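Everything below concerns the one structure shown next.
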Amino acid sequence: MDSIQDINIDLSINSGQYFLWEKMKKSWYGIYGETILKITDKTNERNDETVYEYDSYPEYNDWQKHIFRQDDNYDEIIYEISQNEKIRKIVQKYPGLRILRQKPIQCIFSFLCSSNNNIPRIRFILRNLSRKFGRKIVFDDMDFYTFPSLTSLYNASIQDLLSCGLGYRARFVSNTAKYISNKQLSMEYLKKIDYNYAKEELLKLDGVGEKIADCILLFSLDKLEAFPIDVWILKFLCQNIEQITKTEVKMNSKITSNQYKKISKEIRDHYGRYSGYVQQYVYYNIREENGRKW
DNA sequence: ACCCAGGCCCTTG
DNA sequence: CAAGGGCATGGG
């Protein structure tokens, strides 16, 4: 098991996977459902090892082990995905980039806001939702807002949702909150069942398609084989994977649900059970090469 | 005034 | 099946 020092905090937090983090006064503050997380860089200048201090409100001991997925065998993951030469080179550029484990409900609604949207605006909308429907918590003399509960989103009017900047996604949020509540869809159940079955369940949610479902599966339901394919990842695949080119996907074009399924299967056969980690490295790399904004 | 943004839904052919 | 348009909103 590797140590927490091997994790690159800034890289992991700021890689387009977990939106509700903010850096203030040399500390990162994150919203994890009802809990405020805090990370402070305590590295001594004369010490060469990076040291972080972890705090939270309410108290949540050793939360970093859960959130930063220290139960993963990171060495094994890196070894396996590095069997592919192209991926190995990209992985080596970003040591310590991790996938974070998000709270499922928060993750579902976060990525519901992501369609046809850009990352700064996704964060903007999520902050508005938290401010309007979350609970205020004062921590370090600052105001924070917890992520809205399922019930509060269930009860929210479309007008109130619209005021957060959701646009046409407001009805997705409302419908999805109602579906999960009414069907009593259990997040723990989704964690237990296989990738394919869990994805099938998520696709029933209004506003959740192939790509967003994969984001939810990878970032909150422990399905490390999930490989979200967005426009950037697709561009990478077209340039680097012969098999994808064979499917005759036009460059820079959208893909249909069936094309997505086909490519998704090929990818998971190709990169293996940790395809999700491949995606994270590739995504970071291609966004950096194209002057990311987040 | 245009175009774009971690897509998805709906309608046609 | 696939192709294509529409979609709220704000920033370049």
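Keep in mind it's a predicted model, so treat the numbers as computed, not measured. So that the names make sense, note that chain A is the first sequence line, chain B the second, and so on, each numbered from 1.
Residues from residues 267-280 of chain A that place a heavy atom under 4.0 Å from any atom of DNA chain B, listed by number: Gln279(A). Non-hydrogen atoms lying under 4.0 Å from DNA chain B are contributed by Ser15(A), Gly16(A), Gln17(A), all within residues 12-22 of chain A.
Atom CD1 of Ile216(A) and atom P of dG7(B) are 14 Å apart (whole Å). When rounded to the nearest whole Å, the span between CD of Glu210(A) and C1' of dC9(B) equals 14 Å. Atom CG of Leu202(A) and atom P of dC8(B) are 12 Å apart (whole Å). Atom CG of Leu126(A) and atom C1' of dG6(B) are 13 Å apart (whole Å). Atoms OH (Tyr260(A)) and P (dC9(B)) sit 13 Å apart, rounded to a whole Å. What separates CD1 of Ile255(A) from C1' of dA2(C) is a distance of 13 Å, to the nearest Å. If you measure from atom CG of Asn258(A) to atom P of dC8(B), you get 14 Å, rounded to the nearest angstrom. To the nearest angstrom, C1' of dA5(B) lies 11 Å from CD1 of Ile125(A).
In this structure, Tyr60(A) has no side-chain hydrogen bond (donor to acceptor under 3.5 Å, both in side chains) partners at least two apart in sequence or on a different chain. Glu76(A) is linked by a side-chain contact (heavy atoms from CB on, under 4.5 Å) to Asn73(A), Glu80(A), Arg273(A), Tyr274(A), counting only residues two or more places apart in sequence or in another chain. For Asp140(A), the salt bridge (charged side-chain N to carboxylate O under 4.0 Å, His left out) partners are Lys38(A), not counting sequence neighbours. Residues meeting the side-chain contact (heavy atoms from CB on, under 4.5 Å) test with Glu85(A), sequence neighbours left out: Arg88(A), Lys89(A). Here Lys136(A) pairs with Val138(A), Asp143(A), Tyr145(A) under the side-chain contact (heavy atoms from CB on, under 4.5 Å) rule; sequence neighbours left out.
Within the structure, salt bridge (Lys or Arg N to Asp or Glu O under 4.0 Å) pairs that include any residue of residues 15-26 of chain A comprise Asp10(A)-Lys23(A), Glu22(A)-Arg127(A) (at least two apart or interchain). Screening residues 200-213 of chain A for side-chain hydrogen bond (donor to acceptor under 3.5 Å, both in side chains), with sequence neighbours left out, gives Asn175(A)-Asp206(A), Lys199(A)-Glu210(A), Glu201(A)-Lys204(A), Glu210(A)-Lys261(A). Within the structure, no pair that satisfies the ring pair (Phe, Tyr, Trp, His ring centres under 6.0 Å) test touches residues 176-201 of chain A, not counting sequence neighbours.
Within the 4.5 Å cutoff, the side chain of Ser163(A) has heavy atoms near those of the Lys132(A) side chain.
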Donor-acceptor contacts under 3.5 Å from residues 105-122 of chain A side chains, at least two apart:
| from | atom 1 | to | atom 2 | distance (Å) |
| --- | --- | --- | --- | --- |
| Gln106(A) | OE1 | Gly33(A) | N | 2.7 |
| Gln106(A) | NE2 | Ile31(A) | O | 2.9 |
| Ser110(A) | OG | Gln106(A) | O | 2.7 |
| Ser114(A) | OG | Phe111(A) | O | 2.6 |
| Ser115(A) | OG | Tyr168(A) | OH | 3.2 |
| Asn117(A) | OD1 | Arg121(A) | NE | 3.3 |
| Asn117(A) | ND2 | Cys113(A) | O | 3.0 |
| Asn118(A) | OD1 | Arg121(A) | N | 3.1 |
| Arg121(A) | NH2 | Gly165(A) | O | 3.2 |

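A donor-acceptor contact closer than 3.5 angstrom is absent between the side chains of Tyr283(A) and Asp230(A).
The phosphate of dC1(C) has neither OP1 nor OP2 within less than 4.0 Å of any side-chain N or O from Thr256(A).
For dC8(B) and dG11(C), the C1' atoms lie 22 Å apart once the distance is rounded to whole Å. A gap of 23 Å separates the C1' atoms of dA2(C) and dG6(B), to the nearest Å.
The side chain of Arg287(A) sits closest to dG6(B) out of dG6(B), dG7(B), dC9(B). Distance from the side chain of Lys254(A) is smallest to dC8(B) among dC9(B), dG6(B), dC8(B).
Here Ile233(A) lies in heavy-atom contact (under 4.0 Å) with a base.
More than 12 heavy atoms of other residues, nucleotides or ligands sit less than 6.0 Å from atom CD of Glu289(A).
Place Val208(A) and Pro228(A) on DNA chain B by their nearest nucleotides, and Pro228(A) ends up nearer the 5' end. Mapping Asp206(A) and Ile119(A) onto DNA chain B via the closest heavy atom, the residue that lands nearer the 5' end is Ile119(A).
We find that the ring of Trp232(A) and the base of dG6(B) do not stack by the test of centres under 5.5 angstrom and planes tilted less than 30°.
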I'd like a list of close polar pairs between nucleotides 8-12 of chain C and the protein, N/O only, cut-off under 3.5 Å.
| from | atom 1 | to | atom 2 | distance (Å) |
| --- | --- | --- | --- | --- |
| dA8(C) | O4' | Tyr168(A) | N | 2.8 |
| dA8(C) | N6 | Asn116(A) | ND2 | 2.7 |
| dT9(C) | O2 | Arg121(A) | NE | 3.4 |

